[in-house]
Protein chains: 2
Amino acid sequence: MQKSVLRPSVAAETAPLSAHDRVYRGLRQQIMHGELPPGHALTLRGIGKSFGVSMTPARESVRRLSAEGALTLSASGRVTTPELSNERIEELASIRALLEPELGSRALRRAHLALIDRMDIINEANARAVNQQNPVEYIRTNLEFHRTLYLRAQSPAMLGLLETVWLQLGPTMRALYTRLRRTTAPPHHRLILEALRAGDDAALRLALRTDVTQGLRHLQA
Amino acid sequence: MQKSVLRPSVAAETAPLSAHDRVYRGLRQQIMHGELPPGHALTLRGIGKSFGVSMTPARESVRRLSAEGALTLSASGRVTTPELSNERIEELASIRALLEPELGSRALRRAHLALIDRMDIINEANARAVNQQNPVEYIRTNLEFHRTLYLRAQSPAMLGLLETVWLQLGPTMRALYTRLRRTTAPPHHRLILEALRAGDDAALRLALRTDVTQGLRHLQA
DNA sequence: AGTGGGAATTTGTGATCACAATTTCGGATG
DNA sequence: CATCCGAAATTGTGATCACAAATTCCCACT
């Protein structure tokens with residue numbers, strides 16, 4: 001492993017991006033987007049190798065992610081993606097049901113047409129992912145649909161908490177959506193867009209809440 | 001620094017407790033209880049020395065805590081406690097106002113008399129801390145009052161998120177309570193206890209919400 | 001063929017080191 | 001007396017290493 005001898009190329013002038021950051025972001029995305037099933041085992045040396053770094057940044061990333069609930073550390077320090085109990089899944093869903101309507105409501109006042117159009121496009125990509133039965137792409141576009149809206153709420157701390165919840169649900173969502181191989185797009189996205197266009201706060205809150213709870217209630221069945 | 005040669009003594013049979021855990025917990029408590037003012041600078045070597053460990057566990061703890069918003073990393077990697085903007089403080093307060101009534105409501109069904117008595121005792125300690133003008137003890141007992149209730153909600157994920165918010169507010173709360181040297185105990189704790197005894201869900205939610213928002217609205221004045 | 005045990009391997013932990021970047025401090029200069 | 005520049009000290013980063021604990025694997029034995 002060479003030191004940080006090679007300067008950041010002219011292209012990446014925005015941020016040198018530390019090794020820890022690259023590993024953290026990479027792992028986080030894999031987990032949130034459902035690229036890893038629940039219970040999937042990881043090793044520090046393996047993570048380091050796959051990102052071309054030593055164990056040190058890998059360990060820091062794992063510690064950070066396990067603090068956020070994105071990874072589980074066994075008593076002996078073994079690293080796996082979490083296998084959530086039904087209770088835990090319901091609790092996380094209820095947190096989503098609490099935070100997401102609030103974020104949506106805050107975004108509503110600031111939402112303009114270009115935003116809604118953008119959400120429409122993302123929603124179409126989401127529908128395509130359903131047809132292709134591509135769980136990772138489905139989860140990714142679904143989260144992007146919601147995040148695009150919530151970014152307008154200008155509430156970074158609340159969005160940060162919500163993303164932590166999404167992160168914890170990543171592997172479980174993958175397991176759910178690959179198991180029941182859904183063939184129809186989430187029906188509530190349409191309601192969300194309609195409420196946005198109408199500027200109807202109550203309808204938006206309701207649509208977001210049902211979208212969240214419905215999506216995860218498929219599990220019990 | 002010796003290796004981990006000395007076996008855990010017979011007394012501490014519950015958990016050997018890794019170096020990282022000791023440092024993380026220690027720092028976290030200092031921050032959450034307001035032992036550090038906003039903008040306070042820390043160094044990895046200093047943290048390591050004060051806990052009797054090397055830089056490695058100190059770095060992991062700092063990474064973890066900064067991921068939770070309890071510490072700020074400057075562009076050059078310098079570590080300080082956060083100096084929150086008014087906007088951020090208000091946002092965190094509104095998150096508390098969202099989560100705490102929900103946790104209280106969930107706890108209400110399971111709350112028995114022994115719990116309420118315990119909260120009463122903690123509340124008296126809280127009042128003593130006010131009289132002694134001891135900010136750290138005030139913050140500690142205040143949080144313990146709330147946490148004692150919320151633990152009954154049996155919602156570990158939601159409580160975890162809330163503690164993250166408390167953590168971010170730690171240094172700011174210290175600054176607030178040392179600046180305005182409050183001399184009266186929080187008036188809403190009485191209302192919370194009454195609502196608990198009466199089993200009144202709506203009153204409890206309201207009391208919790210006002211306790212949270214009132215406590216932090218003192219800032220603006 | 002199944003089982004138990006012990007060696008070999010894998011794995012996480014924490015200390016240490018080299019290094020670059022930042023910060024700090026002192027003195028020379030205007 | 002203020003300011004700026006350069007040297008010295010401080011500090012975070014990431015790689016490497018020794019070590020202990022856990023896991024895996026394989027073979028002898030029943």
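In what follows, chains are A, B, ... by sequence order, proteins preceding strands, each numbered from 1.
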Visitor: Could you state the atom-to-atom distance from CG of A/D21 to P of D/dG14 in whole Å?
Guide: 9 Å
Visitor: I need the residues from residues 61-75 of chain B with at least one non-hydrogen atom less than 4.0 Å from DNA chain D; give them sorted by number, or say none.
Guide: B/R63
Visitor: For the helix from C/dA1-D/dT30 to C/dG30-D/dC1, figure out the bend between the end axes, five pairs an end, and round to 10 degrees.
Guide: 10°
Visitor: Return the nearest nucleotide to the side chain of A/R59; candidates are C/dT13, D/dG12, D/dT23.
Guide: C/dT13
Visitor: Can you measure B/K49 atom NZ to D/dT10 atom P for me and round it to whole angstrom units?
Guide: 10 Å
Visitor: Distances for protein N/O vs nucleotides 6-9 of chain D N/O pairs under 3.5 angstrom?
Guide:
none

Visitor: Measure the distance from CE on A/M55 to P on D/dT16 and round it to the nearest whole Å.
Guide: 11 Å
Visitor: Over how many whole Å does the gap from B/Y24 atom OH to C/dG14 atom P extend?
Guide: 16 Å
Visitor: Could you check whether atom CZ of A/R209 has more than 12 heavy atoms from other residues, nucleotides or ligands sitting under 6.0 Å from it?
Guide: no
Visitor: What residues form a side-chain hydrogen bond (donor to acceptor under 3.5 Å, both in side chains) with B/H40, not counting sequence neighbours?
Guide: none
Visitor: When the distance from NE2 of A/H20 to C1' of D/dG14 is rounded to whole Å, what number comes out?
Guide: 12 Å
Visitor: Please list, chain by chain and in numerical order, all residues satisfying ring-ring contact (aromatic ring centres under 6.0 Å, His included) with B/F51, sequence neighbours excluded.
Guide: none
Visitor: What's A/S76 touching, base or sugar-phosphate or nothing? Going by heavy atoms closer than 4.0 Å.
Guide: sugar-phosphate
Visitor: May I ask you to list the residues of residues 40-48 of chain A, by number, that have any heavy atom positioned under 4.0 Å from an atom of DNA chain D?
Guide: none
Visitor: Compare all side-chain heavy atoms of B/E91 with those of B/E87 and state whether any distance is below 4.5 angstrom.
Guide: no
